[in-house]
Amino acid sequence: MRRWRLVLGGGDADGTGRALEGADAQMDAALAAVYDQDGREGQSRREGGLGASAPRVARWLGDIRTYFPSTVVQVMQKDAIERLNLTRLLLEPEMLEAVEPDVHLVGTLLALNRVMPAQARESARAVVRKVVQELERRLADRTRAAVTGALDRSARTYRPKRVADIDWDRTIRANLKNYLPERNTVVPSRLVGYARRQRSVQREVVLCIDQSGSMAASVVYSSVFGAVLASMRSLKTSLVVFDTAVVDLTEQLHDPVELLFGTQLGGGTDINRAIAYSQGLITRPADSIFVLISDLYEGGVREEMLRRVAAMTQAGVQVIVLLALSDEGAPFYDHENAAALAAMGVPAFACTPDAFPDLMAAAVERRDITRWAERHAGG
């Protein structure tokens with residue numbers, strides 16, 4: 001009954017008849033500040049609320065960190081910012097020091113970047129840096145391992161130097177004609193194996209990121225992955241962000257925090273213009289991977305955008321379109337443009353950060369991305 005009372009929130013329709021005391025009452029008050037409202041007929045009645053008082057918000061942030069795990073705290077912070085319009089208070093350094101850093105908070109801070117006072121900007125950088133470092137710890141090693149393995153596997157040889165370099169699956173398939181029924185075995189007349197990875201650049205990767213407001217989480221994850229890929233000598237990685245203008249942030253890839261503060265969330269979208277710029281960065285089409293991360297709501301010339309994508313695929317570029325690179329999926333995107341891309345063999349789908357390393361490995365090996373998406377992705 002205690003749990004039901006905390007879920008239902010009290011009031012005449014509660015039905016539990018349960019009163020709360022002590023820590024339970026304080027936990028209930030923290031929940032009520034954000035979630036107690038009556039949404040009938042589009043009307044809302046605030047039972048709690050945080051108002052515009054910074055001290056009250058600071059106390060609330062302390063309370064939720066006391067009573068809830070960090071994953072729940074992050075959800076409540078996000079909901080409070082959206083429901084109670086607390087964005088203005090995030091411009092105050094003391095507020096930034098009290099919040100639980102997460103990807104969504106970083107997106108909000110980046111949207112406020114241009115209007116932040118200098119002191120708040122330094123606090124915001126500390127928040128962004130903490131989130132970026134956590135993401136790098138979670139994702140960097142897996143990404144490097146997946147891409148490095150794919151690069152090794154993508155270089156085939158018929159004279160592998162070591163037993164460990166033999167691709168047994170391909171070797172057996174290539175020698176099925178040499179099957180000996182009496183011995184129940186295949187006699188390989190030709191070995192198929194992996195060549196050792198070369199030191200030179202083997203793939204060009206261009207990340208082209210839509211920085212409209214709805215893509216905030218995707219921008220954060222893309223920047224971290226861009227920095228990781230740029231650290232690999234076998235890849236030449238470029239990163240471009242766009243709205244109605246196009247900005248090349250490749251020079252900031254060594255520092256994903258600086259890179260993120262070089263973005264400007266919000267504004268319109270000109271995908272065609274961004275693709276046109278990205279085409280100029282590709283010097284070896286057959287060895288290039290172009291990743292467009294966008295909800296595909298085109299404000300530029302749609303027909304020209306589709307024509308450019310078709311030209312890139314025909315030239316041999318591995319083109320991947322991600323509707324989102326986040327854990328939330330892609331609830332809103334232009335279905336007509338996604339269908340047009342799929343018709344030319346370029347599937348558009350959402351990808352979680354945890355699946356992205358394997359996606360890049362599949363792209364390096366030039367596997368069928370449509371089949372990969374059917375197995376691993378949503379959207």
Side-chain angles (χ1 to χ4, degrees), residues 26-27 29-35 48-139 209 211-224 226-227 241 249 252 254-267 325-328 353:
Q26 291 177 296
M27 186 186 302
L31 290 166
V34 179
Y35 300 110
L50 299 173
S53 168
R56 187 172 182 182
V57 176
R59 285 195 300 274
W60 178 78
L61 287 167
D63 286 345
I64 64 174
R65 293 174 75 159
T66 299
Y67 298 119
F68 302 99
S70 61
T71 52
V72 177
V73 169
Q74 292 170 8
V75 172
M76 293 181 71
Q77 284 179 173
K78 179 176 181 288
D79 289 346
I81 291 169
E82 294 176 353
R83 288 166 168 255
L84 306 181
N85 194 25
L86 301 183
T87 301
R88 183 181 62 80
L89 293 177
L90 291 177
L91 300 178
E92 302 181 18
E94 59 270 23
M95 293 301 302
L96 289 174
E97 293 169 4
V99 295
E100 184 78 21
D102 74 327
V103 169
H104 298 291
L105 179 61
V106 169
T108 302
L109 294 177
L110 295 178
L112 296 171
N113 182 29
R114 298 297 187 269
V115 298
M116 276 187 185
Q119 187 177 359
R121 189 174 291 113
E122 289 307 309
S123 299
R125 284 181 182 273
V127 171
V128 173
R129 185 171 293 107
K130 183 174 181 179
V131 173
V132 166
Q133 289 173 347
E134 177 58 34
L135 291 178
E136 287 181 324
R137 281 193 293 270
R138 168 185 157 193
L139 301 169
I209 308 166
Q211 59 179 353
S212 58
S214 61
M215 302 295 294
S218 298
V219 170
V220 176
Y221 282 116
S222 301
S223 298
V224 172
V241 297
L249 295 177
Q252 278 75 51
H254 66 282
D255 186 343
V257 176
E258 288 300 316
L259 190 155
L260 283 168
F261 276 93
T263 64
Q264 186 171 353
L265 294 176
L325 179 55
S326 69
D327 291 306
E328 286 73 37

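Keep in mind that this is a model prediction, so the values were computed, not measured.
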Heavy-atom donor-acceptor pair, Thr263 side chain to Leu259 backbone, under 3.5 Å: no
Nearest-0.5 Å distance, OG1 of residue Thr71 to CG of residue Asp102: 10.5 Å
Salt bridge (charged side-chain N to carboxylate O under 4.0 Å, His left out) partners of residues 67-79, not counting sequence neighbours, each pair once: Lys78-Glu82
CA sep, side-chain torsions, deciding dist, call: Gln264, Asn113, side-chain contact (heavy atoms from CB on, under 4.5 Å): CA-CA 8 Å; Gln264 186 171 353; Asn113 182 29; over 6 Å; no
Heavy-atom side-chain contact between Asp327 and Pro353 under 4.5 Å: yes
Nearest-0.5 Å distance, OG of residue Ser222 to CD of residue Gln211: 11.5 Å
Any donor-acceptor pair under 3.5 Å from Gln252 side chain to Gly262 backbone: no
Results of salt bridge (Lys or Arg N to Asp or Glu O under 4.0 Å) for Arg125 - residues two or more places apart only: Glu258
Considering all heavy atoms, the nearest Leu110-Leu260 contact: CD2-O, 3.5 Å
Gap separating the CE atom of Met76 from the CH2 atom of Trp60, nearest 0.5 angstrom: 5.0 Å
Point-to-point distance, once rounded to the nearest 0.5 Å, from CZ of Phe261 to CG of Asp255: 10.5 Å
Minimum heavy-atom distance between Val127 and Leu96, given as atom pair plus value: CG2-O, 3.8 Å
Rounded distance (nearest 0.5 Å) linking atom CD of Gln119 with atom CZ of Arg121: 12.0 Å
For the student: nearest non-hydrogen atoms of Tyr35 and Val75, plus distance: OH-O, 4.2 Å
Derivation of the side-chain contact (heavy atoms from CB on, under 4.5 Å) call for Ile209 and Leu325: CA-CA 10 Å; Ile209 308 166; Leu325 179 55; over 6 Å; no
Closest heavy-atom pair and its distance - Val73, Ile64: CG2-O, 3.3 Å
Nearest heavy-atom neighbours spanning Ser223 and Pro256: O-CB, 4.2 Å
